[in-house]
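Heavy-atom basis, side chains included; hydrogens, waters and symmetry copies ignored. Just so it is clear: chains get the letters A, B, ... in the order the sequence lines come, proteins before strands, and each one is counted from 1.
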Protein chains: 2
Amino acid sequence: MSHSYEYPRAALTVDCVVFGLDVDDLKVLLIQRKLPPYQHAWALPGGFVHVDETLDEAARRELAEESGITDVYLEQLYTFGELDRDPRERVVSVAYYALAKLSDHRIRAATDAERVAWFALDGLPRLAFDHARIVEKAIERLRGKVRYTPIGFELLPPRFTLTQLQRLYEIVLMRPLDKRNFRKKLLSMDLLIETDEVEQGVRHRAARLYRFDRKKYEKLTRQGFSFDL
Amino acid sequence: MSHSYEYPRAALTVDCVVFGLDVDDLKVLLIQRKLPPYQHAWALPGGFVHVDETLDEAARRELAEESGITDVYLEQLYTFGELDRDPRERVVSVAYYALAKLSDHRIRAATDAERVAWFALDGLPRLAFDHARIVEKAIERLRGKVRYTPIGFELLPPRFTLTQLQRLYEIVLMRPLDKRNFRKKLLSMDLLIETDEVEQGVRHRAARLYRFDRKKYEKLTRQGFSFDL
DNA sequence: CATCTTAGTGTAGAAGCTACACTAACAAGT
DNA sequence: ACTTGTTAGTGTAGCTTCTACACTAAGATG
């Protein structure tokens, strides 16, 4: 079936930068393209927006289809509309970024992907299209946003140690933080709930596990509080 | 002439939220629609993206065509892709926001606009489409961004008094600021150049005029400095 | 019981933030 | 020339927050 319009139209796609936190670096999920253009090149998961789905829906659908990832924190990043982004025709792409708990996801290649894999940020392969730029922008955004919203918790399991949390910030912000000052600051916000559990399976003193109190955060936010690392 | 595609495609538009600073409030530029849908309703300037222009180009073109405004600070805001935004068909809109120096622009209605006018933020008429939401989002962004980038200067003439600058921040942030503390802070950043001129035509002691040192700001930024009000 | 590794804790000095009020300059009107 | 009205321009003290920094305690392992 064919659809015609009076004026030519750009094709509309979504692309997702999925971040995952590994032991000591931040990773990005890439797929290897099965089809041209950029056949066999690594690229961001993404694809065409259907005419009957919203942009957010399209992003989640493509993520699930191409990599098997679901239930992530997902947020729109930026829309890329340069003329020559895609060699085939004019394609405008709405980019998203997502934060996933690495351990949660058994990734698997599907549809247009030959393979799927996590890559450390400082070891990315050459990417298809303008995807390198999109990743750049996503990192910038994550770095900015992590400081004034509690978005970072999306990268950790529901229960985490303060050391894990500190590590997360050190990795994202790319600078060391002082242990005592970090703990003081976070605990003083009063948004972490101390659980009665400790981490398991470590061969040293086990650290206490905490949860992030999202309810309280939302309440305080409505009262004008603002998270600030 | 007609263009056909294998799958149906959303139409792509841009919409612009243009802010201008008036004596004591922030204004938004609106146009009154000449044509249906929402005929005669007030709406954001905007329109369809041509297949051979980038999104930024489309935004500037529409702004110029519909309101006569050129040479403004323009930045992409967010892309709106709900299914029922437009009663005619699926339309995805890339929203921009712009900062204009009110005095600079002789606005004029053209093309699809019956009229063009500035409206105070707290006196907006009912808007066409989901434009009220877009304006909301733009305000949020402006409020956030004004604090950690020197974007506010885009709303002032090239030479301004410290009182004008303070007024700007008070208006955007919607809270009073302390005169002495404000001046101390801004001058201590060392990004304002004191000119040898003073304001004209006031019937009281004239205040000194300053310029924003963009060059220096960019240099400091590269060295890791970050503007913070 | 010795060893290894990370958890968990306090303080002093520096820097930055807040609150606050008066004099100086200039223009306009008498 | 002087009075009036209006805004410009300026410093400080107290409080809060940030920074830098090192040792003991807990628990696991052999």
How many angstroms lie between atom CG of Leu29(A) and atom CH2 of Trp42(A), to the nearest 0.5 angstrom? 9.0 Å
Nearest-angstrom distance from the residue atom [atom1] of [X] to [atom2] of [N]:
X: Asp228(B); N: dG16(C); atom1: CG; atom2: C1'; result: 12 Å
X: Phe182(B); N: dT18(C); atom1: CZ; atom2: P; result: 13 Å
X: Asp178(B); N: dA13(D); atom1: CG; atom2: P; result: 17 Å
X: Arg175(B); N: dC17(C); atom1: CZ; atom2: P; result: 12 Å
X: Arg203(A); N: dA7(C); atom1: CZ; atom2: P; result: 13 Å
X: Leu177(A); N: dC21(D); atom1: CG; atom2: P; result: 15 Å
X: Leu187(A); N: dT9(C); atom1: CG; atom2: C1'; result: 11 Å
X: Glu199(B); N: dT7(D); atom1: CD; atom2: P; result: 10 Å

With Ile171(A), which of Leu121(A), Leu26(A), Val23(A) fulfils side-chain contact (heavy atoms from CB on, under 4.5 Å)?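 For Ile171(A), the side-chain contact (heavy atoms from CB on, under 4.5 Å) check succeeds only for Leu26(A).
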Are Phe80(A) and Tyr78(A) close enough that their ring centers fall under 6.0 Å?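 Centroid separation for Phe80(A) and Tyr78(A): below 6.0 Å.
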salt_bridge(Arg214(A), Glu154(A)) N-O dist < 4.0 Å: yes
So, does [X] get its side chain near the phosphate of [N], meaning an N or O under 4.0 Å from OP1 or OP2?
X: Arg180(B); N: dA19(C); value: no
X: Lys185(A); N: dC18(D); value: yes
X: Thr163(A); N: dA7(C); value: yes

Would you indicate which nucleotide in dC21(D), dG8(C), dT10(D) comes nearest to any side-chain atom of Ala207(A)?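 For the Ala207(A) side chain, the nearest candidate turns out to be dG8(C).
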Nearest of dT6(C), dA27(C), dC20(C) to any side-chain atom of Asn181(B)? dC20(C)
By the 4.0 Å heavy-atom rule, please label Arg208(B) as base, sugar-phosphate, or nothing.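 Contact class for Arg208(B): sugar-phosphate only.
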Comparing Val202(A) and Tyr210(B) on DNA chain D - which has the more 5′ nearest nucleotide: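 Between the two, 5'-proximity favours Tyr210(B).
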On DNA chain C, more 5' by nearest nucleotide between Lys184(A) and His204(A) is His204(A)
Can a donor-acceptor pair be found, under 3.5 Å and without considering hydrogens, that links the side chain of Asp130(A) to the backbone of Arg133(A)?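 Not confirmed, Asp130(A) side chain does not pair with Arg133(A) backbone.
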